[in-house]
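A note on names: the letters A, B, ... follow the listed sequences, proteins ahead of strands, and every chain is numbered from 1.
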Number of protein chains: 2
Amino acid sequence: MTQKMNTEARREQITGAALVLLAERGSEGFNIADLAESVGLVPSAIYRHFEGREDVLDATLDVFRDRVYGLVEAARNEAEDPLQALELLLTRHARLIESGGAVPHIMASMSAPDRHAARPAKTQKIFTGYVARVERLVRDGQESGQVRSDIDSTSAALLFAGMIQPAALLRHAEGERFDIMAHAAGVWELFRRAVARD
Amino acid sequence: MTQKMNTEARREQITGAALVLLAERGSEGFNIADLAESVGLVPSAIYRHFEGREDVLDATLDVFRDRVYGLVEAARNEAEDPLQALELLLTRHARLIESGGAVPHIMASMSAPDRHAARPAKTQKIFTGYVARVERLVRDGQESGQVRSDIDSTSAALLFAGMIQPAALLRHAEGERFDIMAHAAGVWELFRRAVARD
DNA sequence: CTCCCATGTGAATCCATCTTCACATCATAA
DNA sequence: TTATGATGTGAAGATGGATTCACATGGGAG
């Protein structure tokens, strides 16, 4: 029999594995059997720790949110200034996607409505929260004079989000052939030119 | 009994309805019963015109591709120059999303793998085809001197695609409250500043 | 050391779809 | 007008995955 674990540790293990599966296949392809297998359990064992599939997804979404928001906070703290924070954030997103943690893929896939329908609302809230955090960085940049004051911070934040999303799709489509780090660098140049005060 | 129709007309009606349903709920929530109902048929009738669910999705993807590529061609033909074509294209995407035809939503949702797995490859091909077409517009702009020649056309094309994708998500999340036309205008200003030769 | 409850298992069972099938009906071609 | 094949219908069957449940087992409190 698989080693027993207390529920708390097991839940973390499971949500972590779920995040990987979601990045690979989206929520449609996500199923309990594969999830169980990926943590070395039998499907029914999942129900010792979660109420059901939807509950797993919900908990996984929490993990996801914390990681993504954590990325923004880390970038903010480590960078010297807001513009550099944005660049750092972009780089880290790219690296995350490169290593398989397809953030935007998850976003898109989880927001598809299902009949129980608490999940899409939650996903969307995570996205708007993300955009709001980026927007704050942009506004900070405006206050510090690095970013042009005549641009709309919301537009800039959405544009920033948009730099990452297609990259994840392409990465999925083309795999290794798509050099996502190079993409990040190229697109950052464009973004900087659009928003930076020169 | 529902009026009979010849298969060709019925297929068009069905794929059209499928596109609407996909935009609303993604491929996960897409089911034959609802599709049948939305064209006033009984589920089994769908099988008179398609081999099965996957076949419906495949055919719908064709319709989708033609519409999206058609949008690019139309913009190219109607505009005076490449840059204007891009702006026109962006506006039309926005309008399409506003009226419920959530293009990027469909993209993301259809690319999720399933076990038969021909669909994701096809979806991704549509996306890369779209990016390639936008990239051509960018290069045309470079040749005509409107667009800076020192930017990477692929990066620019992906950035362009990225202007639309988050907008569709937000539109889904916030509905009417999110003014997508205003977003398009704001983000276009940024894009233009990034790529236009001034 | 031993008992017990949280955790793990395998075999049902449930359930929502998709899919098939025998039968009905309409469009249309001759 | 009528025969025929294409299209529509309802009910039954097949499928795949989620969920439940009775039973097994091991880690740790006492």
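- Contact annotation: A/Thr7 side-chain N/O to C/dT7 OP1/OP2 distance is under 4.0 Å.
- If you measure from atom OH of A/Tyr47 to atom P of D/dT19, you get 4 Å, rounded to the nearest angstrom.
- Rounded to a whole Å, the CD1 atom of B/Ile32 is 11 Å from the P atom of C/dT20.
- Taking atom CE of B/Met5 as the reference point, atom C1' of D/dA6 lies 14 Å away to the nearest angstrom.
- Distance CZ (B/Arg48) to C1' (C/dT25): 12 Å, rounded to an integer number of Å.
- Look at A/His49 and you'll find a side-chain N or O under 4.0 angstrom from OP1 or OP2 of C/dG8.
- Using a 3.5 Å distance cut-off with no hydrogens or angles, the side chains of A/Glu28 and B/Ser27 do pair a donor with an acceptor.
- At the phosphate of C/dT25, neither OP1 nor OP2 sits under 4.0 Å from any side-chain N or O atom of B/Gln3.
- To the nearest angstrom, P of D/dG8 lies 5 Å from CG of B/Leu41.
- Atom CZ of A/Arg11 and atom C1' of C/dA6 are 15 Å apart (whole Å).
- Put simply, A/Arg10 has a side-chain N or O that comes within less than 4.0 Å of OP1 or OP2 on C/dG8.
- Remark: the B/Ser44 side chain and the D/dG10 base include a donor-acceptor N/O pair separated by less than 3.5 Å.
- Ring-plane geometry between B/Phe160 and B/Tyr130 is classed as tilted, the angle between the planes lying from 30 to 60 degrees on a 0 to 90 degree scale.
- Under the 3.5 Å distance criterion, the side-chain polar atoms of A/His172 are matched with a main-chain donor or acceptor of A/Glu24.
- Dashed line: the shortest gap from a side-chain N or O of A/Arg53 to OP1 or OP2 of D/dA18 is under 4.0 Å.
- For the pair A/Arg133 and A/Tyr69, the cation-pi criterion (under 6.0 Å, within 45° of the ring axis) is fulfilled.
- Nearer the 5' end of DNA chain C, as judged by each residue's closest nucleotide, is the contact made by B/Phe30, out of B/Phe30 and B/Lys4.
- B/Asn6 places its CG atom 14 Å from the C1' atom of D/dG8, with the value rounded to the nearest Å.
- Here A/Phe50 lies out of heavy-atom contact (under 4.0 Å) with every strand.
- Each of B/Thr2 and B/Gly52 was matched to the nucleotide of DNA chain C holding its nearest heavy atom; the match closer to the 5' end belongs to B/Gly52.
- Side chains of A/Gln142 and A/Arg139: a donor-acceptor N/O pair is absent below 3.5 angstrom, by distance only.
- Whole-Å rounding puts the B/Met1 CE to D/dA6 P distance at 16 Å.
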